[in-house]
Number of protein chains: 2
Amino acid sequence: MAKPSESEAALQQTADLLHSASIRVLRRIRSVDAATGLSGPRLSVLSVIVFRGPLSIGDLAAAEQVQPPTISRMIKDLAHEGLVRRRPATHDRRVQLVSATAAGRRLLNRGRQRRVLELSALLETLPPSEQQVVQAAAEILLRVAT
Amino acid sequence: MAKPSESEAALQQTADLLHSASIRVLRRIRSVDAATGLSGPRLSVLSVIVFRGPLSIGDLAAAEQVQPPTISRMIKDLAHEGLVRRRPATHDRRVQLVSATAAGRRLLNRGRQRRVLELSALLETLPPSEQQVVQAAAEILLRVAT
DNA sequence: AAACATTCCTTAGCTAAGCTAAATATTAAT
DNA sequence: ATTAATATTTAGCTTAGCTAAGGAATGTTT
């Protein structure tokens, strides 16, 4: 590993801080998520389904960075719990289009609300100037991190 | 749910952005982590062991927000792979103190290096002013989010 | 000091979520 | 009409989470 230049070192320090901060933020949220009654992975796929509309199994697998069989089974379970509905696409009956039921949307939105409130409580302890820094950083990262 | 005031709404928007940004940052890192040959959970406990020194099973469980049996089994496996070592504490022979081996530290540091470089590549595309915003935000969040 | 209670860890056994390989069904192409 | 390709499912394995129950060491009470 070559010796990094000064600016590279600064970049790496920022990267390191960002890594740790992201971990802590999500760790904080995880505890609150338990209240939904869904596991992390299920909550995550339900979220994709709710916000990115009807979607095939394959698209869901790509979105979750997971293999199709994993999604296939989760959708079966979520459908059985009435949170999600699936039907063959009209243009290609191999693909299953998955969408959220009203119950699925309700559950997700309540969970999302709890999460947001948990983080809000954290941000509330900051002076407004720092809140703005956090917001600006989040916007920057959302722009560049796919 | 009561109607939020204007500042509460702003806070919630920031919280929402922060949530999404954190997810995307960690998702980006996950792909790189696969190169270590360790799963996410194992990498995570190894990291805690390396950076927080010798630690009991119970402390590790608390750090990872997981029940002790989960850690107990993972430590058994990591020890078997030579990445970690455990021995009874001298002052209380019920507790097992876990520490990293040289091999464990090497593996972790290489992985950490890869992660940091991956994020650095992302940050590099930003103008310096935005890099500073991200760094400032990360520092703020590390301060308030345990 | 003996008995009881507590604490730390492990074992056993379950479920969920990840994987690969192989099967099925539909569509596309030759 | 076959053959190839694609989308999903099924089957079977591993890892990681859980709870319940047990063993060993330590603390507490009488």
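In what follows, chains carry the letters A, B, and so on, assigned in the order in which the sequence lines appear, proteins first and then strands, with residues in each chain numbered from 1.
- For residues 130-146 of chain B, the pairs satisfying salt bridge (charged side-chain N to carboxylate O under 4.0 Å, His left out) are A:E130-B:R143, A:R143-B:E130, with sequence neighbours left out.
- Regarding B:D59, its CG atom lies at a distance of 8 Å from the P atom of C:dC9, rounded to whole Å.
- Of the listed nucleotides (C:dG18, D:dT8, D:dA16), D:dA16 has the atom at the smallest distance from the side chain of B:R42.
- Counting only heavy atoms from C-beta on, B:Q67 has its side chain closest to D:dT19 among D:dT8, D:dT9, D:dT19.
- You'll find the side chain of B:R52 stays beyond 4.5 Å of the side chain of B:L60, heavy atoms only.
- For the pair A:L97 and A:L55, the minimum side-chain heavy-atom distance is 4.5 Å or more.
- Using a distance-only test at 3.5 Å, with no hydrogens or angles considered, a donor-acceptor pair links the side chain of B:S120 to the main chain of B:V116.
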Give each protein N/O atom lying under 3.5 Å from an N/O atom of nucleotides 24-27 of chain D, with the pair distance.
unit_1 : atom_1 : unit_2 : atom_2 : d
D:dT26 : OP1    : B:R93  : N      : 3.2

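- Criterion: ILVMFWY side-chain heavy atoms under 4.5 Å apart, direct or through other members. Under it, A:L126 and A:L18 are part of a common hydrophobic cluster.
- As a whole-Å value, the separation of A:Q65 CD from C:dA17 P is 17 Å.
- Picking from D:dC18, D:dA11, C:dA16 the nucleotide with the shortest atom distance to the side chain of B:P69 gives D:dC18.
- Whole-Å rounding puts the A:L60 CG to D:dT9 P distance at 11 Å.
- Just one of A:R30, A:R112, A:R27, A:R28 meets the salt bridge (Lys or Arg N to Asp or Glu O under 4.0 Å) condition when paired with A:E118; it is A:R28.
- Atom P of nucleotide D:dT10 and atom CD1 of A:I57 are separated by 11 Å, given to the nearest angstrom.
- Regarding contacts with the backbone of C:dA17, a side-chain N or O of A:S39 is found under 4.0 angstrom from either OP1 or OP2.
- Per the geometry, CD belonging to A:Q96 stands 13 Å off P belonging to C:dA25, to the nearest Å.
- When hydrophobic clusters are built by joining Ile, Leu, Val, Met, Phe, Trp and Tyr residues whose side-chain heavy atoms come closer than 4.5 Å, directly or via intermediates, B:L38 is grouped together with B:M74.
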Chi angles and distances behind the salt bridge (charged side-chain N to carboxylate O under 4.0 Å, His left out) call for B:D16, A:R115: CA-CA 8 Å; B:D16 206 8; A:R115 263 192 301 236; over 6 Å; no
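- When heavy atoms are screened at a 4.0 angstrom cut-off, A:T70 is found touching base atoms of the nucleic acid.
- Across the protein-nucleic acid pair, A:R30 atom CZ and D:dA16 atom C1' stand 13 Å apart, rounded to whole Å.
- Of the N and O atoms on the side chains of A:E64 and A:S44, at least one donor lies less than 3.5 Å from an acceptor on the other residue.
- Contacts between residues 72-89 of chain A and DNA chain D, counted as heavy-atom distances below 4.0 Å, involve A:S72, A:R86.
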